[in-house]
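In what follows, a structure is listed as structure tokens, so that the remarks can point back to it.
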Amino acid sequence: MQHSTPELVPEHITPPSTMALLRRNPAALAAAMLLFVLVLAALFVAPILVDAASSTDLRGRNAPPFDFGRNWLFVLGADALGRPILPRIIVAAQNTLLIAGCSVVFALGVGSGLGLIAGYVGGTISQILMRVADIIMSFPSLLLAVIVLYMLEPSIFNLVIVLTITRIPVYLRTTRAEVMEIRKRMFVQASAVMGASHLRIILTHILPIVLPTLMTIATLEFAFVVLAESSLSFLGIGIQPPDITWGMMVAQGKPYLTQAWWLSFWPGLAIILTTLSLALLSNWMRLAFDPAQRWRLEL
Amino acid sequence: MLKHLRNRLISSLLSLAALIVIVFFLSRLTGDPSALYLPLDASIESRENFREINGLNDPLIVQFSSFAKDIVQFDFGKSLRTSRPALEMVLEAFIWTLQLALITIALVILVATVIGSLAAFNVGGLFDRVATVVSLIGASAPDFWIAIVGILIFSIGFGWLPTSGTGSLLHWVLPVAILFIRPFGLITQVVRNSMIAALHAPYTKTARAKGAGPRRIIFGHSLRNAALPIVTVMGDQAAGMLNGAVIVETIFGFPGVGKLMIDSILMRDFSVILASIVVTAIAILLMNILIDLSYAALDPRTRA
């Protein structure tokens, strides 16, 4: 007699890819798309609009938004010198994203690099790095930036340096804490026993585990840096005219608040949409990149 | 605990010292301090005179030791703008900022705890969703823009609240509300997450089995255990609140230390800047120690 064994193992289920997971989460998808469009606009549309963004038209001073009798560039209105707001926002996005992007990449690189060393080597190096991080963290970052930019000249380069230095401790602490825990796990010891070099262990065994956490933090940090840069520019200590950023546009519109609310409103809306998208995306990444939490999204 | 407190004190003093060293060398590295201290239109003779009087022709080490000595004795010199002692001006302004910060912190703790706990009690429910969205927006909103929109709506639109200055109780409403938003967003999220963990802990099950009502479970059992991470984040936020205070005070013309600092920077009033840096750093140092002490009060395990 022949009997077939019942199929115990169900048909092989392929876990959904990260992109598929993103498609299933409307909030995260909208956030990712908005950021994608923003980056495209800053990269490819902004260079075309540079002239339009700085051309003054005194007859169109404080022109109201949604006045369709005008050129489409004036759809969001015009500022106190008659410069159209929409192109200015797109051109300003270039500066804002450039500064925030550079600061995040530098801080991520330096912070996680030092964190890997501190966590892997431990000892005195680790202690010194942590104390330095404590010192940086113990003072409000905005005030620190204000002081440094007051002493040095406010330029894009100095702004990036300040925003980088004040944010390095975030990555340093997280990376160090994770590495210290991973280093003790069995597979790391196994590869050490098999003769892997320190560099190989760090790069191929430890870094891939820390990386998702770092990407999640970096996304949230991007929002923080955009806010910090905007605040500095708003206070007049960040980017200086004729360069523009969103924070500066809000500041420039402030004196005209009673006559023309749109001068400050639109650039501020651009900031909040950007930071909110980054926060949503970071929230989603925290679940998507964590094997223990990923099932929540796969349901 | 005492050992921890001592370590905290030492590292805080170290960071204060490091800050002073950095400020000193930045002010020297970037060129002639007479450019920092004297008004922009000072003559060459008066600059030369200033250098001689202040010993700026001495070696750097000598300069630094006299600089440090003055600071340790809280002698920051006089303000260029008002000719009053810089420290006096800073302390006067600091009281305002302290009041603003304390009122806001109290409100944040109260509101965020209640909302975060209620959201955690019914994860995924309508209240939870609304609370999550609101706190997410709050945590990522640019405070200077919210302030401007607030002025637009409540001061210009309805005419309920004054746009700037101090005087009546109404003058406090907008500054406190704006300063409230960012920490409220963050703390609500932390309360929610740490309450979700606490509500799933075994002791909560026990309490539920014994028939305790939801209010008693949330506020009597879970919240006390969830309080530790909340205090940690609140501590970080309290230092960050000074960031917010700079913005809020500048926009609303509130005579606190943040506005004083920005004004001094724009007027290049170096002695006042220095005094506000040191006073702020000391305030943060004291606050960190207070937070450590509150750990001990909340969690007996850390008292060892």
Side-chain angles (χ1 to χ4, degrees), chain A residues 27 130-153 220 223-224 226-228 230-237 246-247 249-251 253-254 257-259 261 263-280 282-283, chain B residues 11-12 14-19 22-23 25-31 36 132-133 136-137 139-146 148-149 151-152 155-157 163 182 185 189 236 239-247 250-251 258 261-262 264-266 268 270 273-274 276-277 280-281 284-285 288:
Chain A
M130 290 309 284
R131 286 294 84 75
V132 174
D134 281 347
I135 290 174
I136 298 177
M137 293 287 275
S138 69
F139 205 69
S141 55
L142 187 63
L143 283 186
L144 212 58
V146 164
I147 296 161
V148 174
L149 289 174
Y150 158 70
M151 309 251 184
L152 311 171
E153 288 301 301
L220 201 59
F224 184 91
V226 167
L227 280 181
S230 305
S231 307
L232 287 170
S233 297
F234 176 80
L235 292 171
I237 315 177
W246 290 336
M249 289 178 71
V250 176
K254 206 188 140 211
L257 214 52
T258 40
Q259 306 107 305
W261 53 267
L263 301 197
S264 290
F265 184 81
W266 297 122
L269 195 66
I271 299 173
I272 197 170
L273 285 178
T274 310
T275 51
L276 189 63
S277 303
L278 288 162
L280 282 171
S282 170
N283 249 358
Chain B
S11 76
S12 307
L14 269 179
S15 61
L16 187 61
L19 200 69
I22 290 169
V23 169
F25 280 99
L26 275 178
S27 69
R28 293 300 189 270
L29 271 179
T30 49
L36 287 178
T132 305
V133 169
L136 212 56
I137 292 177
S140 48
D143 33 18
F144 57 91
W145 182 69
I146 302 281
I148 283 178
V149 174
I151 291 179
L152 206 57
S155 305
I156 296 170
T163 49
R182 184 97 60 92
Q189 302 249 319
D236 286 349
M241 200 160 268
L242 284 164
N243 284 339
V246 174
I247 303 271
T250 314
I251 292 179
M261 204 157 174
I262 295 291
S264 311
I265 279 177
L266 296 178
R268 305 190 76 72
F270 187 71
I273 297 171
L274 191 63
S276 29
I277 293 172
T280 319
I284 293 170
L285 185 155
N288 283 334

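Numbered from 1 within each chain, the chains take letters A, B, ... in sequence-line order.
In this structure, the portion of B:A18 lying under 4.5 Å from any heavy atom of chain A is its side chain and not its backbone. At a 4.5 Å heavy-atom cutoff, the contact between B:I273 and chain A is made by side-chain atoms alone. Heavy atoms closer than 4.5 Å to chain A are found in both the backbone and the side chain of B:I148. If you measure heavy-atom distances from A:F265 to chain B, the contacts under 4.5 Å come from both the backbone and the side chain. The parts of A:L269 that come within reach of chain B are both its backbone and its side chain, each placing non-hydrogen atoms under 4.5 angstrom from that chain.
Put simply, the residue from A:L227, A:L220, A:L280 that forms a side chain to side chain contact (heavy atoms under 4.5 Å, CB included) with A:T275 is A:L227.
Interatomic distance, CD1 of A:I272 versus CH2 of B:W145, reported as 5.0 Å (0.5 Å rounding). Atom CG in A:L235 sits 4.5 Å away from atom CD1 in B:I247 (nearest 0.5 Å). Summarising the geometry, atom OG1 belonging to B:T250 is positioned 5.0 Å from atom CD1 belonging to B:I262; distances are rounded to the nearest 0.5 Å.
Between B:F144 and A:V250, some side-chain heavy-atom pair lies under the 4.5 Å cut-off. You'll find the side chain of A:W246 reaches within 4.5 Å of the side chain of A:T274, heavy atoms only.
Considering only heavy-atom pairs separated by less than 4.5 Å from chain B, the leading option among A:A223, A:G247, A:S231 is A:S231. In terms of heavy-atom pairs under 4.5 Å with chain A, the best-connected choice from B:I137, B:V149, B:D143 is B:I137.
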